[in-house]
Structure formats: structure tokens, C-alpha cells
Engineer: 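Dumping the structure here so I can ask a few things about it.
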Amino acid sequence: KVAKFTSSRRRTLVNALFHKSHTLPHSPMGFLQENATANIVIIIEENIVFDDFSFIFCIFVCMLAACSTQKNTALTRSYHATKVKYNILYNGNTAYAEGLEAIASAHEDNFSEQLPLYPVSDHKAAEASKSKMDRTIEKCRKCIKLHSIKKRPKVDTKKSASDEKYRAWLKREEFNPAMPMAWLRLGQAEFHKGDFLGAVSTFAYVQRHFEYDKDLVAQCQLWSARAYAEMGWMYEAEDLLRKVQIDDLSKKHASLYSAVSADILMKQERWREAIPHVLIAKEDEGRKLNRPRFEYVLGQLYEKQGNRNAAVEAYKRCIKLTPAWSMDFNARLRIALLGADTKASVKQLNKMLKLSKYEQYQDQILGIKGDILLRGGDTLAALREYALAAEKSTRNGLDKAAVLIKAGDLYFDRQQYAEAQPCYAEALTIISSESADYKRLSRRSEVLDGLVLQTGIIHLQDSIQALA
């Protein structure tokens with residue numbers, strides 16, 4: 001119960017509680033006798049003073065004692081774990097979530113290619129999260145610096161003699177139960193800001209110093225494997241993945257193994273092997289951020305295996321999860337493309353072309369329409385749709401590049417090299433040098449540039465001789 005002291009008396013009491021050098025103007029008992037309206041107990045230095053009507057009031061002193069990391073008691077461990085989990089690390093986790101959203105916003109999916117499982121695979125997009133991830137790293141390091149408990153606790157000799165788990169616990173290097181979370185989040189933040197080598201180093205440290213936590217060790221191995229894969233070190237990624245003890249993972253983290261396996265397999269274009277892992281991993285992915293992407297990726301993988309019905313079902317599930325507008329739109333296009341009834345699909349696309357909300361995306365719709373006509377064997381009609389798509393493109397982005405590449409490939413296969421060359425040349429100005437098609441297109445464009453030039457000279461000479 002709080003004493004109803006005057007403001008000056010209240011300040012004096014608080015100062016006495018928190019500063020050992022301060023002394024009360026009267027003896028402790030006399031101080032209470034002058035303020036007998038309150039029921040209170042005051043702990044000052046080593047003297048416990050209480051009146052006949054009060055309860056023991058020791059919360060302040062307990063909290064002060066818990067502030068030190070040089071003491072290892074149940075109270076200090078609980079205090080510092082609470083401080084980490086609900087204060088500093090909470091702010092770090094908030095910044096981490098904002099950083100993931102920044103990566104997703106910065107990443108632009110190329111729906112004409114196989115989507116990556118995670119947007120962070122677009123390393124340029126990962127740069128957008130730098131400020132948020134740096135804040136997370138700062139908070140994690142603050143947790144480690146201020147709340148790490150390294151001091152050994154007082155040993156209970158009886159318990160030590162009979163309890164093996166207790167003896168193992170005494171051998172730990174860290175006694176704050178919340179500290180493993182801080183270290184893991186530190187590595188994850190380094191990973192998502194694009195510092196993959198730094199993340200591997202952090203995860204290796206965690207594995208060495210928290211080896212008693214089998215679940216944590218397995219998680220760190222999986223995150224390290226992901227980091228190796230992002231750096232293109234596939235041998236190291238696969239080798240580490242084989243070393244993971246799946247049974248060590250808790251039920252909460254069991255799907256992480258499948259997610260990492262799928263990511264590594266897809267980076268190696270082992271599409272068929274990746275499907276079962278994606279099926280398992282997608283169930284535990286965030287409904288709004290990653291799960292729609294996993295469903296879309298699954299649809300693409302089924303397409304590659306020729307399983308059109310399964311692909312359509314995956315795209316439908318993606319739409320039900322209300323993904324980003326661009327993913328929703330492309331999922332609808334894929335469903336139209338994979339439909340068994342060509343006429344019905346073309347009719348549906350023609351309806352979409354008339355809607356104002358799709359006005360800026362006519363190039364994509366016309367490109368899919370061309371794909372449907374090509375599948376039906378009408379190559380000339382498909383080429384007309386591709387040309388119209390390139391003409392109507394207002395964004396001059398990846399979707400335009402996709403129809404240009406398709407048209408160029410068709411012309412090239414038909415040995416119409418003069419028509420193929422400008423398609424490849426324009427597409428190269430749009431796509432990234434990291435694109436899977438870049439090397440192939442660059443080589444073809446280089447060859448066709450010289451061939452078309454020489455062909456043009458021959459045609460000119462033939463024309464001049466014909467006129468002569």
C-alpha cells in the first residue's frame with residue numbers, strides 16, 4: 001500500500017530507496033511514526049523496517065538485485081529473459097518483420113520465369129531491407145551485451161550428485177534462456193540484408209555455444225545451408241543439408257527442412273524433386289506473405305511436369321489466399337492458358353481485354369492468348385498476337401520482354417532470322433543480366449546482328465544487279 005506522504009517526504013523516501021548514499025532525516029522507525037497513516041515496509045540497505053499494520057514491501061529491492069548479470073539466480077534469469085523477450089528483442093522482431101515486407105515490396109516477380117521461393121533470392125531487393133535489418137541487428141547485439149548471464153550459479157550439491165540434467169545445465173556457457181532467440185534473430189537479420197557470409201559465421205557460433213539445444217542447432221544448420229545456396233555454393237549447401245538431424249527439429253520448425261530443401265533443389269533446376277518439399281513447407285508458411293507464393297510456385301512446378309490439372313488447382317488455391325494483385329492476375333492468366341477448352345479460354349481473355357482495370361496489362365493478356373493459339377497449332381496467329389502485345393505494351397517491362405523472346409524464338413526456329421534479330425535485341429535492353437535467358441539471347445543476338453547485316457548487303461547487291 002502506498003503511503004500518502006507529502007511530496008517532499010515522498011521524494012526523500014524514493015531517494016533513500018534507490019541511492020545508498022542518501023540517508024533519511026530521521027531514524028527509519030521515526031520516519032514511519034511520523035507518517036503513521038500508511039501501512040508500509042521499507043528496506044534500506046540491510047535494515048528491514050515495518051510498522052505493526054503493514055505487509056512486507058520488497059519488490060523494489062528484488063528488482064534492483066535482478067538487474068545485475070553478475071548474479072545467477074532464478075530471479076535474475078527470469079528478469080533478464082523477460083527484458084530480452086518483451087522489450088529489446090520485441091523491437092528487433094518488429095523491425096525484422098518490416099524488413100521482410102520491404103524485401104517483398106522491392107522485389108518484382110518475372111512471371112514468365114520460374115519464381116523463387118523467397119524474394120530475398122533477388123539480392124537487389126534485399127538491399128531495401130538494410131535499414132530495418134540493421135536495427136534488428138543493433139537490438140540483438142544490445143540484448144547480448146546487456147543481458148547475457150555467463151556467471152555460474154551457486155551449485156546445489158545434493159541435486160548435482162543425483163540429477164544428470166542439472167549437471168549438464170551447469171556446464172552451459174549462457175544461462176539467460178532468452179539469449180538463443182537473440183542470437184538466432186541476429187543471424188536471420190544478417191541473412192536478409194544480404195550479408196550471407198556474416199550470417200553463416202553467426203549461425204556457426206550459435207551451433208558451437210548452444211550445442212545442448214538440438215532444435216536450435218538444426219535450425220542454424222538449415223539457415224546456413226540457405227545462405228550457402230544464395231551465394232551459389234551448392235556443394236556446401238547440400239553437404240550441410242545432409243548433416244541435419246531432422247528428428248532434432250521441434251514440431252514447430254519441422255517444415256523448415258522441407259522449405260530449405262525445396263529452395264536448394266529449385267536453384268539447381270531439379271523441379272520434380274522439389275515438388276514434395278514445397279507441398280510440405282507451404283502448410284506452415286505465413287498466409288499473407290509467403291503461402292500464396294508457395295502455391296503459385298507449386299503451380300509452375302506442376303506445369304513443368306505436364307500436370308495441368310494439378311497446376312490449375314494450385315493456382316486456384318493461390319487466388320483464394322488473396323495474394324498481391326500481380327500474382328492474382330497472373331494466376332488467372334495461367335488458369336486460362338491451361339484450360340482444356342481453347343475457345344472458352346480465348347473468349348475469357350477477350351473479355352479481360354475489354355475491362356478497364358486490365359488496360360495496362362494488355363501485353364500480358366495478348367501474350368497468353370498467343371500461347372493458347374500456338375498450343376492449338378496456329379503459329380501465324382500466335383505471332384500476330386505477340387506483335388500486338390509488344391505494340392500495346394505501355395510499361396516496357398518484363399512482360400514485354402517475354403513476348404519478344406517468344407516471338408524471336410518462333411522466328412528463329414522458322415529460320416526467319418531478319419525478324420528474330422530485332423526481337424532479341426529489344427528484349428536484351430529490358431531483361432536483367434542475371435536472367436536465365438540472358439546468355440542465350442545475347443549470343444543469338446550477336447550472331448544475328450552480323451548475319452542480318454551481311455544478308456542485307458546481299459539483298460542490296462541483288463537488287464542493284466537486277467535493276468542493271
Side-chain angles (χ1 to χ4, degrees), residues 109-117 262 265-266 269-279 281-282 290-355 357-358 361-386 388-390 392-393 397-407 409-410 413 436-437:
D109 283 314
N110 182 0
F111 292 96
S112 64
E113 296 181 352
Q114 177 66 54
L115 298 190
L117 267 183
L265 288 169
M266 287 178 60
E269 299 185 1
R270 293 158 65 182
W271 314 120
R272 184 185 295 275
E273 297 172 66
I275 290 176
H277 291 290
V278 177
L279 281 168
K282 72 184 180 70
N290 280 334
R291 192 167 177 186
R293 170 178 288 275
F294 273 58
E295 292 288 5
Y296 193 97
V297 165
L298 188 60
Q300 289 182 309
L301 294 176
Y302 279 133
E303 275 195 72
K304 291 180 184 295
Q305 303 308 312
N307 193 341
R308 293 166 62 177
N309 292 333
V312 167
E313 291 304 314
Y315 290 132
K316 286 181 178 178
R317 290 195 300 269
C318 175
I319 293 170
K320 286 181 181 179
L321 291 168
T322 60
W325 191 91
S326 59
M327 187 171 287
D328 180 284
F329 172 64
N330 280 277
R332 295 178 189 278
L333 291 182
R334 301 312 297 177
I335 291 172
L337 175 63
L338 296 172
D341 191 338
T342 301
K343 290 184 178 179
S345 296
V346 171
K347 186 177 180 180
Q348 179 63 32
L349 293 173
N350 287 333
K351 286 182 180 179
M352 293 177 70
L353 286 169
K354 295 176 182 178
L355 296 176
K357 66 178 180 178
Y358 297 132
Y361 301 91
Q362 290 191 7
D363 51 351
Q364 281 184 262
I365 299 172
L366 290 167
I368 293 295
K369 186 179 175 183
D371 292 344
I372 294 173
L373 293 170
L374 183 63
R375 189 182 69 198
D378 195 344
T379 304
L380 292 177
L383 285 169
R384 285 195 298 270
E385 295 298 331
Y386 292 149
L388 188 58
K392 287 187 173 291
S393 178
L398 296 174
D399 300 313
K400 182 179 181 179
V403 295
L404 287 169
I405 293 170
K406 290 174 186 176
D409 288 343
L410 281 178
D413 293 340
D437 279 327

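Sequence positions, counted from 1, serve as the residue numbers for this chain.
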Engineer: Does Glu273 have any side chain to side chain contact (heavy atoms under 4.5 Å, CB included) partners at least two apart in sequence or in another chain, and if so, which?
Structural biologist: Leu265, Arg270
Engineer: What's the spacing between Leu349 CG and Ile368 CD1 if we round to 0.5 Å?
Structural biologist: 7.5 Å
Engineer: Taking the side chain as C-beta and beyond, is there a heavy-atom pair between Gln114 and Leu301 under 4.5 Å?
Structural biologist: yes
Engineer: Only counting residues at least two apart or in another chain, list the ones meeting side chain to side chain contact (heavy atoms under 4.5 Å, CB included) with Ser345.
Structural biologist: Ile372
Engineer: Applying side-chain hydrogen bond (donor to acceptor under 3.5 Å, both in side chains), name anything that partners Asn307, two or more places apart in sequence or on another chain.
Structural biologist: none
Engineer: Tell me, yes or no, whether the heavy-atom count around Asp413 atom CG, taken from other residues, nucleotides or ligands under 6.0 Å, exceeds 12.
Structural biologist: yes
Engineer: Residues in side-chain hydrogen bond (donor to acceptor under 3.5 Å, both in side chains) with Asp109, at least two apart?
Structural biologist: His107, Arg293
Engineer: How close do Ala281 and Phe294 get, heavy atom to heavy atom, and via which atoms?
Structural biologist: CB-CE2, 3.8 Å
Engineer: Identify the two heavy atoms, one from Ala274 and one from Met266, that lie closest to each other, and give their separation to 0.1 Å.
Structural biologist: CB-CG, 3.7 Å
Engineer: Check whether more than 12 heavy atoms from other residues, nucleotides or ligands sit under 6.0 Å from atom NZ of Lys316, and answer yes or no.
Structural biologist: no
Engineer: Quick one: CG on Leu366 to CG on Leu373, what's the gap to the nearest 0.5 Å?
Structural biologist: 10.5 Å
Engineer: Please report the shortest heavy-atom distance between Ala331 and Ile319, naming the atom on each side.
Structural biologist: CB-CG1, 3.8 Å
Engineer: Listed by chain and number, what are the side-chain hydrogen bond (donor to acceptor under 3.5 Å, both in side chains) partners of Asp363, not counting sequence neighbours?
Structural biologist: Ser393, Arg395
Engineer: Checking Phe111 now: which residues fulfil ring pair (Phe, Tyr, Trp, His ring centres under 6.0 Å) with it, not counting sequence neighbours?
Structural biologist: Tyr296
Engineer: Looking at every non-hydrogen atom in both residues, tell me the closest pair between His277 and Ala262 and how far apart they are.
Structural biologist: CB-CB, 3.7 Å
Engineer: Residues in salt bridge (Lys or Arg N to Asp or Glu O under 4.0 Å) with Asp328, at least two apart?
Structural biologist: Arg332
Engineer: Quick test of your reading: applying salt bridge (charged side-chain N to carboxylate O under 4.0 Å, His left out), list the pairs with at least one residue in residues 334-349, sequence neighbours left out, ordered by first then second residue.
Structural biologist: Glu303-Arg334
Engineer: Answer yes or no: is there a side-chain heavy-atom contact under 4.5 Å between Gln362 and Leu388?
Structural biologist: no
Engineer: Output the distance between atom CG (Leu333) and atom CD (Gln364), rounded to the nearest 0.5 Å.
Structural biologist: 6.0 Å
Engineer: Among all residues two or more places apart in sequence or in another chain, which pass the side chain to side chain contact (heavy atoms under 4.5 Å, CB included) test with Ala401?
Structural biologist: Ile430, Ile431
Engineer: Less than 4.5 Å apart, side chain to side chain, heavy atoms only: is that true for Ile365 and Phe329?
Structural biologist: yes
Engineer: Which atom pair, heavy atoms only, marks the closest approach of Ala389 to Gly367?
Structural biologist: CB-N, 4.1 Å
Engineer: For Tyr358 and Met352, work out which heavy atoms get closest and say how close.
Structural biologist: CD1-O, 3.4 Å
Engineer: Rounded to the nearest 0.5 Å, how far apart are CG of Asn110 and CG of Asp399?
Structural biologist: 7.5 Å
Engineer: Got a sec, which residues hit side chain to side chain contact (heavy atoms under 4.5 Å, CB included) with Arg308, two or more places apart in sequence or on another chain?
Structural biologist: Leu338, Arg375
Engineer: Say whether, by atom type as modelled, one donor and one acceptor occur between the side chain of Gln300 and the main chain of Glu113 under 3.5 angstrom.
Structural biologist: yes
Engineer: Mind checking the CD-CG spacing from Gln348 to Leu353? Nearest 0.5 Å is all I need.
Structural biologist: 10.5 Å
Engineer: Just how far is it from atom CZ of Arg317 to atom NZ of Lys320, taken to the nearest 0.5 Å?
Structural biologist: 9.0 Å
Engineer: State which residues pass side-chain hydrogen bond (donor to acceptor under 3.5 Å, both in side chains) with Glu313; sequence neighbours excluded, sorted by chain then number.
Structural biologist: none
Engineer: Donor-acceptor pairs are to be reported for all side-chain atoms of residues 378-386 against protein atoms at under 3.5 Å, with residues two or more places apart or in another chain.
Structural biologist:
from   : atom 1 : to     : atom 2 : distance (Å)
Asp378 : OD1    : Ala381 : N      : 3.2
Tyr386 : OH     : Asp371 : OD1    : 2.4

